[in-house]
Every structure is written in structure tokens, then in C-alpha cells.
Chemist: 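Dropping the structure in here first, questions after.
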Amino acid sequence: METLLRDAVLPLLAWFRENKRDLPWRKNVSPYTVLVSELMLQQTRVEAVKERYVAFLSRFPTAEALADASEEEVLKAWEGLGYYSRARNLHRAAKIVAREGFPTTWEGVRALPGVGDYTAGAICSIALGLAAPAVDGNVVRILTRLLADGRCADERAKREFSARLKEVYPPETGAFCEALMELGAIVCLPNGAPLCEACPWRGLCRAHAAGEETRYPVLAEKRARRIEEVTVLVLQCGERYALVRREKGELLAGMYGFPVFKETDPAAYGEILEVRKAKFLFTHVEWRMTGYFIRALRPFGEFLWATREEIGARYAIPSAFRPFRAWIL
Ligand code: ADE
């Protein structure tokens, strides 16, 4: 059923054999060395990891050596890589591995400290020969382009592509896993700069065929906000100003604010002194406000009438009303 993805596997593997970068963690691979490199490569660029990886492994060549080190020594060897919780996690993982042996299942690897879904996939594919995809934003990008797939690069897309890749995983699990990463790193580049002429998928890629490789992955749709035109009244009566406590189920429920109406006749409340327009963006609603500063004829009963001092000290007025606060403060 998944023929395009299936057809893409062998060309990718052939390309990887010829074109892969010469990276230190691609030599003398063992479960322990892959654990080290994959934790280092979390949040850190390949170029920055290269030297540190070699130095770290010469200092701690085995899980036992790392397990026996003090935390200070481990942190020292990690120096410059940043995100030191990774070093502490690696140290804890090494103690587990030294005690119990390296896990042999995805679940076992995933349970090691510092190992998430992506890292577990990489370790299992590269070190254990398991069909365990490692899908990050880069892999989503190359697959959405190959398939001209309109989804955005969210967690759900990662899970779904992971399931689809699992169906077509070849016996060379490590090479396949790293080939997907490699294509995203050196050919199928983001931000409108893919090097399609050098791509092993150029004859297969649906986005390329349509001349639309940079459309993918589609950006997460910004949910449109509902626009509400509202009238905000800043009513002054002597020393006091009208507030309302906003009702349950309304925006800003429970907060005090100026009276807000979908429809009202401001002139009915008194003399209009000033008018000002302002906008406020809530998560799902945009208020297009027209504020009226009004000298009220009488203190309308439905409002709470507070002095300027009381408002400053006692009532937290939400930011949505800030454009109109200048009228009273
Ligand atoms: N990023 C994460 N893991 C990697 C690997 N094994 N090779 C290159 N880049 C990576």
C-alpha cells in the first residue's frame, strides 16, 4: 500500500553508502558509544559534538568506566556541550547498563534516563538492529516533501510517520535511520534551500515534481480568531468610575473591568467626552473595541462605582482595558 515510501528505501541506502559524512560515531559502533553520541547530539550540532565525542570516549571508553567516574569528572568531560542534565542522565544510564547490561528492547532503551522516543529509535536502529524509526522535524520535512503530504510537523505527524516507516524498514536498520537524518542534514535542507539535484529521491519526490518542495512541511495553521466588535464605556460620575465584575462563561470571567456591550447607545449614558479605538487579542477572539469616555448623568445601579484610588489598589483591571485606563489614572 505504501509503495512510494517503499520505493524510496533502496535509493536512499545506496546514496547514504556513497555520500555519508565521515563522523566519529560512525566508526566502532557499540550500544554504549551510540548512547553517548545520541545524547550528545540532542540539542547540539554535529560539528560541535565531533571532537567532544572522541575526547569523551577516550576518557570513558566503556559504560563501566563511566559508571565508576564521579559526577564531577563526567561534568568536566561534558564541558562546553551545555545542557548538563544530559551528562547526568548519561552517567545514570551508564550505571544501569554497567549493572544490568544494555537493554535489548525499545521499551528497555526508552526507559533509560535522558532517552526520549527519537533517541530510543536512533539507538535501537543503529546499535540493536531493531526497526525503530527516529522521527524528528527533519525527518518529517523530507517525508512530507517526498509524499507531498500536507500535514504540519507536529507530534502527531512524528507518530504517524514513525508507524509508516516501521512498515518499510529494511534489514540495514542503522544505515536507514542515519540515512534519513543525513538526507535532511545535507540535501533536503529547510528554508527554501533544498539541493534537489543531489537528491536520491529527485525522481520520486512529489513535491519536486510539482516544483513545490519548499511548501512542505506546511506551517501549523494559525487558528483564525473570531472578531467581536464591542463598545467599552468608561463612565465617570463625580469621583467615581463604573466597573462590572465579568460573568462566568464570558471572556475574563471573574475579573473587574469597564462595562462592555455588543450593542448599546453610548449617548444614552451621558455626555461623551472622548472616543478611542483599540484592539485586544485573546487566544480565540479579537476584540475590536470602541471606547467612550462619558460623564454619566447619574450612577447607574447595575454598576459598581469605584474611586480612582480604589481601582488602583483593589481591582485588577485586565490588560484588554489598558488603552482606556489613561482616562482615569
Ligand atoms: N543527529 C542525531 N543523531 C545523529 C546521527 N547519528 N548522525 C548524525 N546526526 C544525528
Side-chain angles (χ1 to χ4, degrees), residues 9 12-57 60 63 78 80-87 89-90 93-94 97 102-103 106 109-110 112-143 153 155 157-159 161-162 165-166 169-191 193-195 198-201 217:
V9 172
L12 180 66
L13 285 172
W15 169 84
F16 183 66
R17 272 193 294 278
E18 294 298 316
N19 295 282
K20 66 181 171 203
R21 289 170 294 177
D22 182 17
L23 300 174
W25 50 89
R26 292 181 177 166
K27 301 188 187 90
N28 305 320
V29 172
S30 76
Y32 168 68
T33 64
V34 176
L35 177 68
V36 172
S37 61
E38 292 303 328
L39 281 174
M40 284 189 175
L41 286 160
Q42 291 172 351
Q43 296 141 310
T44 306
R45 288 173 308 106
V46 163
E47 286 307 312
V49 168
K50 277 178 170 176
E51 267 184 35
R52 312 315 310 274
Y53 170 82
V54 174
F56 192 94
L57 273 193
F60 307 114
W78 198 268
L81 283 168
Y83 303 100
Y84 289 86
S85 62
R86 293 180 298 165
N89 282 331
L90 177 57
V97 169
F102 207 92
W106 186 88
V109 171
R110 178 68 175 78
L112 291 172
V115 175
D117 288 350
Y118 175 81
T119 301
I123 293 172
C124 289
S125 295
I126 300 168
L128 304 180
L130 299 174
V135 180
D136 65 355
N138 292 315
V139 174
V140 171
R141 178 176 67 256
I142 70 172
L143 295 179
E155 290 307 311
K158 290 178 192 168
R159 276 198 308 280
F161 280 130
S162 189
L165 281 173
K166 210 167 171 169
Y169 237 69
E172 303 95 313
T173 57
F176 186 57
C177 178
E178 288 201 280
L180 291 164
M181 296 176 182
E182 201 77 345
L183 193 68
I186 65 177
V187 172
C188 196
L189 304 173
N191 303 329
L195 307 173
C199 184
W201 288 349

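We count ligands from 1, going down the list as the structure has it; atoms in each ligand are counted the same way. This is a predicted model, so every value here is computed, not measured.
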Chemist: Any heavy-atom pair between the side chains of Trp15 and Leu12 that's under 4.5 Å?
Modeler: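 They are in contact (side-chain heavy atoms under 4.5 Å apart), so the answer is yes.
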
Chemist: Is there a side-chain contact between Val36 and Phe60, using heavy atoms and a 4.5 Å cut-off?
Modeler: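 The answer is no, as the side chains (C-beta and beyond) never meet within the 4.5 Å cut-off.
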
Chemist: Taking only heavy atoms of Val46 into account, list the atoms of ligand 1 that are under 4.0 Å away from them.
Modeler: 9 (N)

Chemist: Do Arg110 and Asp117 pass the salt bridge (charged side-chain N to carboxylate O under 4.0 Å, His left out) test, and can you show the C-alpha distance, the side-chain angles, and the key distance before you say yes or no?
Modeler: CA-CA 7 Å; Arg110 178 68 175 78; Asp117 288 350; 2.6 Å; yes

Chemist: Quick check against the 3.5 Å criterion: does Ser37 have a side-chain atom that pairs as donor or acceptor with the backbone of Val34?
Modeler: yes

Chemist: Considering only protein heavy atoms, which is closest to atom 10 (C) of ligand 1, and at what distance to one decimal place?
Modeler: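 That would be Met181 SD, 3.5 Å.
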
Chemist: Going by heavy atoms, is Gln42 under 4.0 Å from ligand 1?
Modeler: no

Chemist: Need the ligand 1 atom indices (1-based, order shown) with element for anything under 4.0 Å from a heavy-atom of Trp25.
Modeler: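 Atoms satisfying the 4.0 Å criterion: 5 (C), 6 (N), 7 (N).
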
Chemist: Does either side chain, that of Arg86 or that of Asn89, offer a donor lying less than 3.5 Å from an acceptor on the other one?
Modeler: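 Checked: Arg86/Asn89 side chains show no N/O donor-acceptor pair below 3.5 Å.
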
Chemist: Please could you name the atoms of ligand 1 that Arg26 approaches to less than 4.0 Å, counting only its heavy atoms?
Modeler: 7 (N), 8 (C)

Chemist: Are any of the N or O atoms of Glu38 closer than 3.5 Å to those of ligand 1?
Modeler: yes

Chemist: Less than 3.5 Å between some nitrogen or oxygen of Glu178 and one of ligand 1, yes or no?
Modeler: yes

Chemist: Could you pull out the closest heavy-atom pair between Arg141 and Leu189, with the gap in Å?
Modeler: NE-C, 3.7 Å

